[in-house]
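What follows is a set of notes on a single structure, which appears directly below.
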Amino acid sequence: NYHYTIFVPTNESIQPLIDEHKLPTWDEIGDIDDCYATYVDQMTPEDSTFMSTELENMKTVLTNFVTYHMQDNSVYVEGEEHNNDVYESQCLDTLTKRFVKLYVNYQHGGKMTVRDVCGNVRTVDSDVNNLMTRQYYFNGGSLVGNACSQINLSSFIVIHQIDAPL
């Protein structure tokens, strides 16, 4: 059983990254993937390699963006105080082979902030926080047709909205 915190930036704060082509969307990745699959037989080996590498790079950027906003351990607004407590995100630094760190601050009656390794401080929304959810791992491959008969393990997840991406 695991405990996670997910920091979710607002749509408005993410949109400039998408508009400036710094953050790909799954739709963009899907469109390029479809194009690649359709035309790969007509491409030169160099073009095919370039397209394949570009697709993998786009997937990596998006995956790293998402996993950097997910941290091991649950932290709650109105919970335990945190003073620059260090947590690991679920984003792996491929150079160091270590998970990228996040730093959480929270004082009772105050606000919660999260700081990334670049020093950017993001504030948890005082109205959209402590949303609880669960993640389940079942013993079967599919929930369809009663293929699963038990929960093998589960995770508790708390979600906080933050004012900008990490």
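Basis for what follows: all heavy atoms, side chains included, without hydrogens, waters or symmetry-related copies.
In terms of the side-chain contact (heavy atoms from CB on, under 4.5 Å) criterion, residue partners of M58 (sequence neighbours excluded) are, by chain and number, P24, E28, I29, I32, E54. Residues passing the side chain to side chain donor-acceptor pair (under 3.5 Å) test with T60: none are found, sequence neighbours excluded. For Y39, the side-chain contact (heavy atoms from CB on, under 4.5 Å) partners at least two apart in sequence or on another chain are C35, Q42, M43. Shown here are the side-chain contact (heavy atoms from CB on, under 4.5 Å) partners of V77, two or more places apart in sequence or in another chain: Y106, M112, V124, N129, N130, H160. Applying the side chain to side chain donor-acceptor pair (under 3.5 Å) test to Y136 and every residue at least two apart in sequence or in another chain returns nothing. Y87 meets the side chain to side chain donor-acceptor pair (under 3.5 Å) test with H82; sequence neighbours excluded. T44 is linked by a side-chain contact (heavy atoms from CB on, under 4.5 Å) to E46, D47, counting only residues two or more places apart in sequence or in another chain. The side chain to side chain donor-acceptor pair (under 3.5 Å) search around S52 returns none, not counting sequence neighbours.
The cluster map of Ile, Leu, Val, Met, Phe, Trp and Tyr, joined by side-chain heavy atoms under 4.5 Å apart, puts F65 and L102 in different clusters. Linking ILVMFWY residues whenever their side-chain heavy atoms come closer than 4.5 Å, directly or via other members, leaves F7 and M70 in distinct clusters. Both L166 and V117 are part of a single hydrophobic cluster, where members link through side-chain heavy atoms under 4.5 Å apart. Y103 and Y76 end up in different hydrophobic clusters when Ile, Leu, Val, Met, Phe, Trp and Tyr side chains are linked at under 4.5 Å. At a threshold of 4.5 Å between side-chain heavy atoms, the hydrophobic network of Ile, Leu, Val, Met, Phe, Trp and Tyr places L55 and L62 in one connected group.
Rounding to the nearest 0.5 angstrom, the gap separating the OG atom in S48 from the CG atom in D41 is 9.0 Å. Here F99 contributes atom CZ and Q90 contributes atom CD; the two are 7.5 Å apart, rounded to the nearest 0.5 Å.
For the salt bridge (charged side-chain N to carboxylate O under 4.0 Å, His left out) condition, the pairs that include at least one residue of residues 91-109, sequence neighbours left out, are E88-K101. Evaluation of the side-chain hydrogen bond (donor to acceptor under 3.5 Å, both in side chains) test over residues 113-126, restricted to residues two or more places apart or in two chains, returns D116-N120.
Membership of an apolar cluster is not assigned to L95, as no side-chain contact below 4.5 Å to another ILVMFWY residue is traced.
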| message | Show, in sequence, the C-alpha distance, side-chain angles and deciding distance for S74 and Y4, and conclude whether the side chain to side chain contact (heavy atoms under 4.5 Å, CB included) test is met. | response | CA-CA 5 Å; S74 297; Y4 301 110; 5.5 Å; no
| field | Verdict with supporting geometry, I159 and V8, side chain to side chain contact (heavy atoms under 4.5 Å, CB included) | value | CA-CA 7 Å; I159 302 169; V8 180; 3.6 Å; yes
| request: May I have the step-by-step check of side chain to side chain contact (heavy atoms under 4.5 Å, CB included) for Y2 and S154, ending in yes or no? | output: CA-CA 7 Å; Y2 304 98; S154 66; over 6 Å; no
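Looking at heavy atoms from C-beta onward, H69 lies in side-chain contact with P165 at the 4.5 angstrom threshold. For the pair V104 and Q71, the minimum side-chain heavy-atom distance is below 4.5 Å.
A donor-acceptor pair under 3.5 Å is absent between the side-chain atoms of T133 and the main chain of I157, judged by distance alone.
No side-chain N or O of E81 forms a donor-acceptor pair with one of N83 less than 3.5 Å apart.
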I'd like a table of donor-acceptor pairs (distance under 3.5 Å, sequence neighbours excluded) in which one partner is a side-chain atom from residues 13-21, with atom names and distances.
{"from": "S13", "atom 1": "OG", "to": "T10", "atom 2": "N", "distance (Å)": "3.3"}
{"from": "S13", "atom 1": "OG", "to": "T10", "atom 2": "O", "distance (Å)": "2.8"}
{"from": "S13", "atom 1": "OG", "to": "T10", "atom 2": "OG1", "distance (Å)": "3.1"}
{"from": "Q15", "atom 1": "NE2", "to": "D19", "atom 2": "OD1", "distance (Å)": "2.8"}
{"from": "E20", "atom 1": "OE1", "to": "K22", "atom 2": "NZ", "distance (Å)": "3.2"}

